[in-house]
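In the text below, chain A, chain B and the rest are named by the order of the sequence lines, each starting its count at 1.
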There are 2 protein chains.
Amino acid sequence: MAVTLHDVARLAGVSIKTVSNVINDYPHIRPATREKVELAITELGYTPNLTARSLRSGRTGAIALAVPDLALAYFAELAAAVIAAAEASGLVVLVEQTGADPERERELLRSPRLKMTDGLIFSPLGLGQEDIAALEVPYPLVLLGERMFDGPSDHVTMQNVEAARAATEHLIAAGRRRIAVIGSHEGEVIGSAGLRLRGYREALEAHGIAYDESIIGPSMAWHRESGARAMRELLARGVGFDAVFALNDTLALGAMRALLEAGRRVPDDVAVIGFDNIDEAQYTVPSLSTVDPGRAWIAETAVATLLERIAHPQSDVPPRLLLADFSVVARESTHAA
Amino acid sequence: MAVTLHDVARLAGVSIKTVSNVINDYPHIRPATREKVELAITELGYTPNLTARSLRSGRTGAIALAVPDLALAYFAELAAAVIAAAEASGLVVLVEQTGADPERERELLRSPRLKMTDGLIFSPLGLGQEDIAALEVPYPLVLLGERMFDGPSDHVTMQNVEAARAATEHLIAAGRRRIAVIGSHEGEVIGSAGLRLRGYREALEAHGIAYDESIIGPSMAWHRESGARAMRELLARGVGFDAVFALNDTLALGAMRALLEAGRRVPDDVAVIGFDNIDEAQYTVPSLSTVDPGRAWIAETAVATLLERIAHPQSDVPPRLLLADFSVVARESTHAA
DNA sequence: GCAACACTGTACAACGTTGTAGCCCCTCGG
DNA sequence: CCGAGGGGCTACAACGTTGTACAGTGTTGC
């Protein structure tokens with residue numbers, strides 16, 4: 001079963017190094033020899049043992065991708081894009097789920113399981129500024145999705161503040177003034193929730209609209225279900241609002257559902273905008289306005305950046321912050337009434 | 001940077017094998033020695049090189065999962081479940097996307113990249129009965145999601161025919177007689193589309209309803225977009241129908257969208273049922289009736305079965321067919337008018 | 001007091017591959 | 001005719017780990 005270079009070499013009547021050379025396209029081999037070897041390879045059905053090759057070369061040809069949960073549409077689509085980009089570079093991707101648990105995220109960074117990969121693309125949810133030390137890891141690391149300052153690693157991220165501000169301004173431009181928020185994390189500053197809320201507040205401020213805590217709907221989880229729940233709580237408070245900025249699309253879909261159940265029309269009574277531009281946002285009824293944070297670009301850039309760090313491990317290029325372009329995608333859920 | 005057993009052994013003043021023994025919990029080590037070694041390990045920050053361990057032991061601790069596309073909700077949720085199940089067994093998962101391209105699926109099976117894993121969980125879309133020979137691979141393989149007969153590998157699958165039949169009967173029980181189909185693959189017999197269509201026809205037959213090709217809407221792709229397109233085509237034909245069986249949930253969501261655009265009410269004018277029970281089915285408006293094919297059980301069983309084959313490679317247990325229980329999930333989209 | 005036996009540790013080989021050094025032979029310039 | 005140079009190939013070591021064989025040291029049983 002396990003056909004090795006030795007077997008091929010014996011059959012072809014050459015040394016194993018010659019077989020290795022044929023496989024690796026070493027130029028100085030006589031055509032006759034090459035043919036002999038290739039014949040033996042196909043006859044035995046030899047395929048190289050990648051584990052041995054990795055041990056010898058120090059490279060595995062695999063990268064790890066750690067996301068909170070693949071069942072979340074945003075991360076599923078991100079993972080799909082990363083895997084596709086990696087495959088284009090001849091890499092395979094090992095996917096880990098952290099469940100957005102800070103403890104598991106820290107553990108992951110130290111995990112020896114990463115020894116099987118050449119580097120890590122990591123989309124943390126629970127880590128904060130205080131975990132920067134944990135990011136000092138002895139392998140190439142590219143962070144996604146949250147902005148951390150002065151971290152030791154490259155960072156490919158969306159412009160959370162600016163994009164959230166643009167989303168909010170899109171609602172303001174549509175004539176809305178009482179803009180509720182769904183999905184805030186109280187006290188958070190540098191996470192996606194904190195940054196997007198900041199963009200929201202900047203937009204309000206720029207247009208002279210007072211920030212009103214009573215229409216901020218907190219929700220730690222960013223599931224459809226929690227979006228619906230947060231919206232029901234908001235409705236139960238009896239406070240008025242004519243628009244909703246959901247901090248991601250999934251929350252927005254849940255919130256829309258709760259609004260419709262409560263008899264509020266979207267967008268007539270309440271305009272809704274999300275964040276992420278996941279595929280399904282364009283197929284809901286009404287279709288969901290959102291911000292496209294540049295996911296495809298993020299995936300490609302993350303893989304390219306990681307590859308560069310893998311290729312030049314000792315390079316003293318300082319950590320880079322790479323920002324994706326974003327765009328507001330206007331759909332039915334924010335159409336003028 | 002690269003701390004090895006040698007470094008630890010030198011610092012602790014023992015042989016490398018002793019260090020190895022400490023790490024692998026070999027029982028006969030004096031407490032004093034163990035302590036010395038553990039001290040050296042933490043001082044140097046040693047972590048084992050999994051590549052070397054794999055080469056030596058022949059086991060990698062990784063499995064591969066191949067799905068058509070992670071951006072498809074069903075496969076994202078399946079992958080999430082497989083990764084979680086694998087993690088519970090101490091395995092990591094390498095995810096590949098085949099794009100449902102038969103050529104790439106065949107290629108994947110022969111790919112040396114799988115040499116980095118102990119086995120493969122494979123959810124093929126494009127492969128047919130004629131590809132059975134390609135499934136004779138020299139590593140443990142568990143197939144998901146399609147029923148193939150007399151294949152050489154274990155197969156964990158949903159009861160496509162029976163579940164589709166139950167879905168159709170659910171519509172019939174709600175008083176519907178003109179039941180359209182969205183997502184058929186013409187001429188297909190053993191793929192998910194073919195099997196589900198067969199279940200549909202069996203249900204019709206059992207209730208004395210004639211099969212009418214004019215309300216069968218083909219669609220190779222199973223995206224929301226293609227579901228909407230197929231539904232629009234069906235509507236354009238001008239044929240009457242009072243229900244739709246979409247061959248998966250994503251198609252159903254797209255079809256619902258197209259129905260609503262066309263002014264047909266769901267479920268009043270047209271009842272809709274899907275297949276898969278993806279998370280979002282319960283959050284759409286109206287919420288989508290569907291069939292839960294037992295995804296969680298499939299993921300756990302696939303991992304457990306693969307692990308068993310990995311543990312006993314030469315076992316002559318014949319290929320097994322493991323069938324998940326299914327259930328019809330009745331929601332608003334099929335409520336009695 | 002001596003064999004038998006567990007306990008504790010070591011040395012060496014091996015997993016399958018690739019890098020390095022070097023050998024042989026041929027060609028070519030001088 | 002000889003040395004230099006390079007094409008074509010081989011032998012060997014090494015990547016970091018674990019299995020096997022074995023060598024000491026006590027300890028036990030008789």
Side-chain angles (χ1 to χ4, degrees), chain A residues 1-38 40-41 44-62 112-118 138-139 313, chain B residues 1-41 44-62 112-118 138-139 310 313:
Chain A
M1 175 117 71
V3 181
T4 75
L5 284 183
H6 282 93
D7 303 318
V8 177
R10 199 175 318 123
L11 181 60
V14 297
S15 77
I16 69 165
K17 189 64 224 273
T18 300
V19 180
S20 171
N21 285 339
V22 169
I23 289 166
N24 295 288
D25 284 324
Y26 180 74
H28 305 302
I29 304 175
R30 269 185 315 182
T33 310
R34 182 184 301 276
E35 206 168 328
K36 255 193 322 188
V37 171
E38 278 166 352
I41 287 177
L44 295 175
Y46 168 80
T47 57
N49 181 317
L50 296 188
T51 302
R53 183 178 284 177
S54 295
L55 175 59
R56 181 63 239 231
S57 68
R59 287 283 229 44
T60 66
R113 301 194 290 189
L114 293 175
K115 275 274 165 61
M116 277 196 301
T117 64
D118 295 333
Y139 48 83
Chain B
M1 177 118 67
V3 181
T4 75
L5 284 182
H6 282 93
D7 304 318
V8 177
R10 200 175 316 122
L11 180 61
V14 296
S15 79
I16 69 165
K17 189 62 222 275
T18 299
V19 181
S20 171
N21 285 339
V22 169
I23 289 166
N24 294 288
D25 285 323
Y26 179 73
H28 304 302
I29 304 174
R30 269 186 313 186
T33 311
R34 182 185 299 276
E35 207 168 328
K36 255 192 325 189
V37 171
E38 278 168 351
L39 205 73
I41 287 177
L44 295 176
Y46 168 80
T47 55
N49 181 316
L50 296 188
T51 302
R53 185 178 283 178
S54 295
L55 175 60
R56 182 62 241 232
S57 69
R59 286 283 234 31
T60 65
R113 301 195 291 189
L114 292 176
K115 274 274 165 62
M116 277 196 302
T117 65
D118 296 331
Y139 48 81
I310 291 169

Under 3.5 Å donor-acceptor pairs involving side-chain atoms of residues 24-37 of chain A, not counting sequence neighbours:
residue : atom : partner : partner atom : Å
A/N24   : ND2  : A/S20   : O            : 2.7
A/N24   : ND2  : A/S20   : OG           : 3.4
A/R34   : NH2  : A/Y26   : O            : 3.4

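- Put simply, A/S20 has no side-chain N or O that comes within less than 4.0 Å of OP1 or OP2 on C/dT17.
- Shown here are the side-chain contact (heavy atoms from CB on, under 4.5 Å) partners of B/I23, two or more places apart in sequence or in another chain: B/L5, B/V19, B/I41, B/Y46, B/R53.
- Between the CG atom of A/N21 and the C1' atom of C/dG19 there is a distance of 10 Å, given to the nearest Å.
- Closest heavy-atom contact between B/R113 and A/L50: CA-CD1, 3.5 Å.
- If one axis is set at each end of the helix from C/dG1-D/dC30 to C/dG30-D/dC1 from five pairs, those axes are 50° apart, to 10°.
- Residues passing the side-chain contact (heavy atoms from CB on, under 4.5 Å) test with B/T51, sequence neighbours excluded: A/T51, A/S54, A/L55, A/T60, B/N49.
- Looking at residues two or more places apart in sequence or on another chain, you find no side chain to side chain donor-acceptor pair (under 3.5 Å) involving B/S57.
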Original post:
Reading nucleotides 23-28 of chain C from the 5' end, what letters show protein touch, with B for base, S for backbone sugar-phosphate only, - for no heavy atom under 4.0 Å?
Top reply: ------

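- Closest of all the heavy-atom pairs between A/A9 and A/S15 is CB-C, 3.8 Å.
- Looking at residues two or more places apart in sequence or on another chain, you find a side-chain contact (heavy atoms from CB on, under 4.5 Å) between A/L44 and A/V3, A/D7, A/V8, A/L11.
- Contact check of residues 22-30 of chain A against DNA chain D (heavy atom, cut-off under 4.0 Å) returns A/H28, A/I29, A/R30.
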Original post:
How would nucleotides 11-16 of chain D be written as a contact map, 5' to 3', with B for base contact, S for sugar-phosphate-only contact and - for no contact, using protein heavy atoms under 4.0 Å?
Top reply: B-BBBB

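- Taking atom CG of B/L50 as the reference point, atom C1' of D/dT17 lies 10 Å away to the nearest angstrom.
- Nearest heavy atom pair, residue B/A62 against residue A/M116, reads CB-CE, 4.2 Å.
- Considering CD1 of A/I16 and NE2 of A/H6, their distance stands at 4.0 Å, rounded to 0.5 Å.
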